[in-house]
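Not measured: the values here are computed from a predicted model. Computed from heavy atoms alone, side chains included, the values below leave out hydrogens, waters and symmetry copies. Sequence lines set the chain letters: A, B, ... in the order given, protein chains first and strands last, and positions in each chain run from 1.
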Amino acid sequence: MTRRQRTKRPPHRTPKRSILPLTLAALVLGVVGVIAFAAVAGPRGGGGDVRAAAHAPPPTALVEGRTVGRADAPVTIEIWSDFQCPACAILALEIEPRLITDYVVPGTARLVYRDFAFLGEESLSAAVAARSAEASGRFWAYHDLLFANQAGENRGGFDEERLLDIADAAGVPRETVAAALVDPLLRGAVRDETVEGRGLGVDSTPTSSSTAGRSGACHSNRTWPR
Amino acid sequence: MALTGATASVIAAYLTWTKLAGALPACGPLEGCEQVATSTYAEFLGIPVALLGLDGSRLTLGAALAWWRRRSEFALWIAYGLGLASLPVLLWLTYLELFVIGAVCVWCVAYAMAVVIGWLASLLVLKGSTP
C-alpha cells in the first residue's frame with residue numbers, strides 16, 4: 001500500500017438510519033420554538049399602569065409648544081420622531097435629557113420635536129394626542145410618557161383608552177385628548193408634517209438636523225453623546 | 001454546508017454585535033433593518049434573537065465541518081436536524097417582518113437564505129446516501 005493510499009480519507013459512510021424520525025423530531029422542535037417565541041416575544045399590549053419616565057420633563061419656562069429652549073439659542077436641533085419607534089425612545093429618554101441639561105438650559109441650543117408618524121395608525125393617534133397637550137404646556141411630559149410606555153407597533157399600546165390614561169399621568173385633561181383624537185385638522189397636521197419630513201429627506205427615525213449638521217437614523221445612537 | 005454555515009454565522013455575528021453595542025445595522029440604500037432590529041421581536045426572553053441565530057449557525061458550521069473533515073455521519077444528521085428545526089422559526093420571523101413589523105431586514109433575509117440552502121445541501125447528501 002502506498003503512502004498516498006494509507007493517508008487517503010475514508011469515503012463517506014452510508015447513513016443506516018431512516019431520515020423520517022429525525023425529520024419529525026426536528027420539525028416538532030422548530031414548531032415548539034415558534035410557539036415559545038410567539039408566546040413570549042413581541043408586544044404585550046398597553047394594559048397596566050402607565051410607567052413614569054425616568055427623568056423630569058424640561059423646565060416649563062423653556063417650553064413653548066413642541067419646542068424647548070430659548071428662542072435666541074444659536075443652535076436649533078430638530079428631531080423627527082415616531083412615538084412607536086424604539087430607537088426614538090432611546091433618543092428621547094436617554095439622550096435628550098442630557099442635551100437639555102448640557103446645552104438647552106445654558107442657552108446654547110433649543111430642541112424642536114417634529115412628527116414623522118410613519119409606523120401606522122397608532123403613531124398618528126399618539127402624535128395627535130401629544131399635540132393636544134401643547135395648549136397646557138405638557139407636550140414634553142406627554143412625549144416622555146409615550147416613549148416610556150411603548151408596547152409594540154399598532155397592537156393597542158397607543159389606543160384611545162391608553163392615550164387617555166397617559167393624559168392622566170401627564171396632567172393633561174382627558175377630554176382635551178379625547179377631542180383631539182377625533183379632530184381631522186390635527187390628524188391632517190401630523191400627516192402634513194410627515195410629508196414635509198419626507199420632502200426634506202427624512203426616511204427613517206429618529207432623524208435629527210441642526211444648524212450644525214444632520215444625523216440620520218442609522219447614526220443617531222452612535223454620534224449622540226450617551 | 002460549511003460555506004452557508006459560515007455565511008450565516010458572519011451575518012448573525014454582525015447583527016448580534018450591533019444589537020449589543022446599541023447600534024443599528026447598516027442597510028445601505030435599503031430600508032427596514034433599523035425597524036426590524038429595534039422591534040420588540042428582536043429579543044426573546046431578553047436574549048437578542050441574532051445571538052440565538054449565531055449559536056445555531058455556529059453549531060451547524062461545526063457539524064458541517066465535522067462531516068466534511070471526519071466523514072462523521074452523526075455530524076451530518078446534526079446539520080440536517082438543526083437546519084430543519086430552524087425552518088419554522090425562520091418562517092415565523094419572516095412572517096413577522098412582512099405582516100407585523102412591516103419592514104424587511106436584508107441581513108435577516110440573507111441569513112434565512114443561507115440556512116435554507118445549507119439545509120437543502122444536507123438533505124441532498126442524506127437522500128443521495130440513504131438506501
Task: Part of B:L96 lying under 4.5 Å from any heavy atom of chain A - done: side chain
Open item on the list: Using every non-hydrogen atom in the two residues, find where A:A26 and B:G81 come nearest and quote the distance to one decimal.
Closed with: CB-O, 3.4 Å
TODO: Would you indicate whether A:E196, at its atom CD, is surrounded by more than 12 heavy atoms from other residues, nucleotides or ligands within a distance under 6.0 Å?
DONE: yes
Open item on the list: For A:T23 versus B:L84, what's the shortest heavy-atom pair and its separation?
Closed with: O-CD2, 3.3 Å
Task: Interface moiety of B:L123 toward chain A, non-hydrogen atoms closer than 4.5 Å - done: side chain
Task: Over 12 foreign heavy atoms within 6.0 Å of CG, B:L3 - done: no
Open item on the list: If I measure from the heavy atoms of chain A, does B:L90 come under 4.5 Å with its side chain, its backbone, both, or neither?
Closed with: neither
Task: Gap separating the CG atom of B:L82 from the CG atom of A:L29, nearest 0.5 angstrom - done: 8.5 Å
